[in-house]
Amino acid sequence: MIKAIRGTRDLLPPETALWNFVEAAVRDVFRVYNFHEIRTPIFEETQLFARSVGEETDIVSKEMYTWEEGPDPETTLLGAWYDQRKSRYPGSLQRTTARQDLITIDISGGADTYLVELKLRPDAGVVDRLEARKRAWLAAHPGSKPPKLILAVPTWEEDRAKRIPLGEIILDSLSVNLAGEQSPQSLTLRPENTAGVVRAYIEHKLWDRGLNKLYYIGPQFRRERPQKGRYRQFYQIGAEIIGPPTAGSESPARDAELLELLATFLDRVGITDWTLQLNSIGCANDRAKYNDALRKALEPVVSKMCSDCQRRAVTNPLRVFDCKVPEDQPIIEKLPRISQFLDEPCRKHFEEVQGILKSVGVEFQLNDRLVRGLDYYTRTAFEFTHGALGAQNAILGGGRYDGLSESLGGPSAPGIGFAIGEDRLVMALKESAEAVQRKPDVYIAPLPGMNREAARLARELRHHDVITELGDENFRLKKSLETASKIGARFALIVGENEVKAGAFALKNLESGEQVSVPRSELAQKISELARKIQSGR
RNA sequence: GUGGGAGUAGCUCAACUGGCAGAGCACCGGACUGUGGCUCCGGACGUUGUGGGUUCGAUUCCCAUCUCCCACCCCA
């Protein structure tokens, strides 16, 4: 049996209703904060993540889905064919256009030769490929006349391939990438979305619009061992505020606005016992100084710490603060803190963020042990945590990334963003709230010969926004009613000859058992009215 | 990547120290030919995750492998 691969899963009803609820709620919140949706590709050049997230991070060094886009095999084969032919029959091929790695071969008038040449060399594989295509085509189009088989060859300066039909050559010239190796491109499924958004910001010169407030909802990919609330394909809801400094993108007001938005959103979806952990990790300069100080402070004590910390002290001293080993805590407590290393602008920025948060009434906890794993973060760093999620108690996190755009070759574009782990959010909601999936308003039970009439009725009802489920004339009425109550329909509508003759249909309340006869013209209104009454009565 | 636990019917779980693979719920049919829920009767249901080994005989013991869960590493 073929199963969903490790770390991935199917989201099924009724749980999908909860996902939709979350997404609808967050879109609604984004709307009033004037954020707009951006959708970036699900895969990008590997370099994008290496440069933004950081080469040395675990994400990049061992958790990405990365593959190489090699040269087209047909191109390679044709290149080989060209070389062979050229050496065997000097002058038979002519270079008409040249770039470093591309040559256009003029084979006009030489079509037969081309084919003969191919047929003489089945080992080249080209003919095999053409024949295979021919067979596949014939299998898919039985009885049709033999097709013109087409070999697609990537060309330079043409967005699509030129075509060589087999057996009936109609092309004039063909470009072959003689190098055979348009340097294979390394691609990666996005492990997070900020890099993609910033790439798009640069690529489309979004600074021309001033301040950009963008949000996204979508899958991300990390190749880690699955765990509670951690999947290899996971979903994030995120947002970025990014723009030129002159547009105010660097202002602490933006940090506070984003955090306040998050508090609003969590309250809105019913997660009220959250805690906002707040810290400032300073600018690149501060961090460099702090890192040095930390290394120095660790040097004399590191030998007494756990093996993880010993490793961290070398690779990434900041992460020592994540240590959960009790024995290490007294040592960690005595380490210098980033707050002591913030320069004047950074400290002011951080104070102002806190000031605004207080004035809008968003509670937070300062946590100077909170550090972020990604290289691009600067200044404000935050996390919202929530109990009852096991070791993965952080439900969202984010921070400022003032230098990211430059490091990707863009203009100065300070920004701040967050990403919500949607899987975990939904998981947290599932524990408190039952997924609300709307039940059908009516189940139409057609008696023999009544499928057509029933279909007409269903169309009308649905047109009037009545959630309608349609049975089948081959079902016995008993079975229809059974099904109707099983799926939770409010009403059953019986469609039989008697009803059609009378022009009025039997409408049965499946809860009370009460049954009334409703004239056809009043059906839609009556059902939606009654259904609404039942719905609101709950 | 590391450590621990677990995989048996659609679901939740049984099956003693190795001896015919079971129950509840759900599903399907009937009692009841155009009236559901309740009741009663009947039915279908499995390569015991997969592959190998030990054994007369393996759900049970051994090895490998896959998947899930929990945690670590790490992280939005």
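Everything numeric here is computed off the predicted structure, so don't read it as measured data. Lettering of chains follows the sequences in order, A, B, ..., and the numbering in each one begins at 1.
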*Closest to the A/S485 side chain, choosing from B/G3, B/G34, B/G36*: B/G36
*In terms of side-chain geometry, is the basic nitrogen of A/K289 or A/D292 positioned less than 4.0 Å from the acidic oxygen of its partner?*
no
*asked:* Students often get this wrong, so: under 4.0 angstrom with heavy atoms, is A/R222 touching a base, only sugar-phosphate, or nothing?
replied: sugar-phosphate
*What distance, rounded to whole Å, do you find between the two C1' atoms, one in B/A23 and one in B/A31?*
25 Å
*Could you check how far CD1 of A/I59 sits from C1' of B/A76, rounded to whole Å?*
8 Å
*asked:* Once you apply a heavy-atom cut-off of 4.0 Å, does A/G238 come out as touching a base, just sugar-phosphate, or nothing?
replied: nothing
*asked:* Below the 4.0 Å mark, does B/G29 have OP1 or OP2 next to a side-chain nitrogen or oxygen of A/K478?
replied: no
_Under 4.0 Å, counting only non-hydrogen atoms across every strand here, what does A/N193 touch: a base, just sugar-phosphate, or nothing?_
nothing
*B/U65 and B/C73, which share atom name P, separated by this distance in whole Å*: 25 Å
*A/R287 versus A/G282, closest heavy-atom pair with distance*: CD-O, 4.4 Å
*Name the closest nucleotide to the A/L510 side chain, picking from B/U35, B/G36, B/C75.*
B/G36
*asked:* Over all strands shown, is A/L447 touching base, sugar-phosphate only, or nothing at heavy-atom distances under 4.0 angstrom?
replied: base
*Spacing of the P atoms in B/C62 and B/C16 (rounded, Å)*: 15 Å
*Looking at RNA chain B, which of residues 274-284 of chain A put a heavy atom within less than 4.0 Å of it?*
none
*Distance, rounded to the nearest Å, where A/L493 contributes CG and B/G36 contributes P*: 17 Å
*Is the closest side-chain donor-acceptor distance between A/Y33 and A/T264 under 3.5 Å?*
yes
*Answer with yes or no whether A/R225 presents, from its side chain, a donor or acceptor under 3.5 Å of a partner atom in the base of B/C69.*
no
_d(OH, A/Y231; C1', B/C69) in whole Å_ = 10 Å
*Determine the interatomic distance between P on B/C41 and the same-named atom on B/A26; round to the nearest Å.*
15 Å
_Closest-nucleotide ordering on RNA chain B, the 5'-leading residue of A/K508 and A/E192_ = A/K508
_Euclidean distance for P, B/A44 against B/G22 (whole angstrom)_ = 13 Å
*Assign A/E499 to base, sugar-phosphate, or nothing according to its heavy-atom contacts below 4.0 angstrom with the strands shown.*
base
*Ignoring backbone atoms, establish whether A/R476 has a side-chain N or O less than 4.0 Å from OP1 or OP2 of B/C32.*
no
*Decide yes or no for A/V495 and A/E499: does some side-chain heavy atom of the first lie under 4.5 Å from some side-chain heavy atom of the second?*
no
*Scan A/K479 against the nucleic acid and name what it touches under 4.0 Å (heavy atoms): base, sugar-phosphate only, or nothing.*
sugar-phosphate
*Could you check whether A/Q220 gets within reach of a base, just the sugar-phosphate, or nothing at all, counting any heavy atom under 4.0 Å?*
nothing
*If you measure from the C1' atom in B/C25 to the same atom in B/C45, how many Å do you get, rounded?*
14 Å
_With a 4.0 Å cut-off on N to O distance, would you call A/E453 and A/R456 a salt bridge?_
yes
_Without decimals, in angstroms, what is the distance between A/E473 CD and B/U33 P?_
20 Å
_Under 3.5 Å side-chain donor-acceptor pair for A/E63 and A/Y65_ = no
*Considering only side-chain heavy atoms of A/I494, which listed nucleotide, B/U2, B/U35, B/C74, is closest?*
B/U35
*How are the rings of A/Y290 and A/F321 set relative to one another: parallel (under 30°), tilted (30 to 60°) or perpendicular (over 60°)?*
parallel
*asked:* Whether A/R268 and A/D28 form a salt bridge (side-chain N of Lys/Arg under 4.0 Å from carboxylate O of Asp/Glu) is what I want to check.
replied: yes
_Length of the line joining A/I420:CD1 and B/C75:P, which is rounded to integer Å_ = 20 Å
_Separation of the C1' atoms in B/A58 and B/G18, to the nearest angstrom_ = 6 Å
*Look at the side chain of A/L477 and decide which nucleotide, out of B/A76, B/G36, B/G34, has an atom nearest to it.*
B/G34
*How would RNA chain B look in dot-bracket form, 5' to 3', counting Watson-Crick and G-U wobble pairs with both distances under 3.5 Å and writing | for bases paired to another strand?*
(((((((..((((.....[..)))).(((((.......))))).....(((((..]....))))))))))))....
*asked:* Output the rounded distance in Å from CG (A/L481) to P (B/U33).
replied: 13 Å
_Closer than 4.0 angstrom, basic N to acidic O: yes or no for A/R520 and A/E460?_
yes
*asked:* Looking at A/E257 and A/R254, is any side-chain nitrogen of the basic one under 4.0 Å from a carboxylate oxygen of the acidic one?
replied: yes
*Verdict with reasoning, A/F30 to A/Y215, per ring pair (Phe, Tyr, Trp, His ring centres under 6.0 Å)*: CA-CA 8 Å; A/F30 280 135; A/Y215 77 89; 4.3 Å; yes
*Mind calculating the distance between OH (A/Y235) and P (B/A76) to the nearest angstrom?*
20 Å
_Integer-rounded Å distance: B/U67 C1' and A/R232 CZ_ = 11 Å
*Touch check for A/E482, heavy atoms < 4.0 angstrom, all strands: base, sugar-phosphate only, or nothing?*
sugar-phosphate
*B/G7 and B/U47: how far apart are their C1' atoms, nearest whole angstrom?*
15 Å
*Tell me what A/E497 touches on the nucleic acid: a base, only sugar-phosphate, or nothing, going by heavy atoms under 4.0 Å.*
base
*asked:* Using 0.5 Å steps for rounding, measure from the CD atom of A/E383 to the CD atom of A/Q277.
replied: 6.5 Å
*At under 4.0 Å, does any side-chain N or O of A/K486 touch on OP1 or OP2 of B/C28?*
yes
*By nearest nucleotide on RNA chain B, pick out whichever of A/S512 and A/R6 is the more 5' one.*
A/S512
*With heavy atoms under 4.0 Å as the rule, sort A/G399 into base, sugar-phosphate or nothing.*
nothing
*Please step through salt bridge (charged side-chain N to carboxylate O under 4.0 Å, His left out) for the pair A/E333 and A/R369, ending with a clear verdict.*
CA-CA 9 Å; A/E333 283 303 316; A/R369 291 177 57 164; 3.2 Å; yes
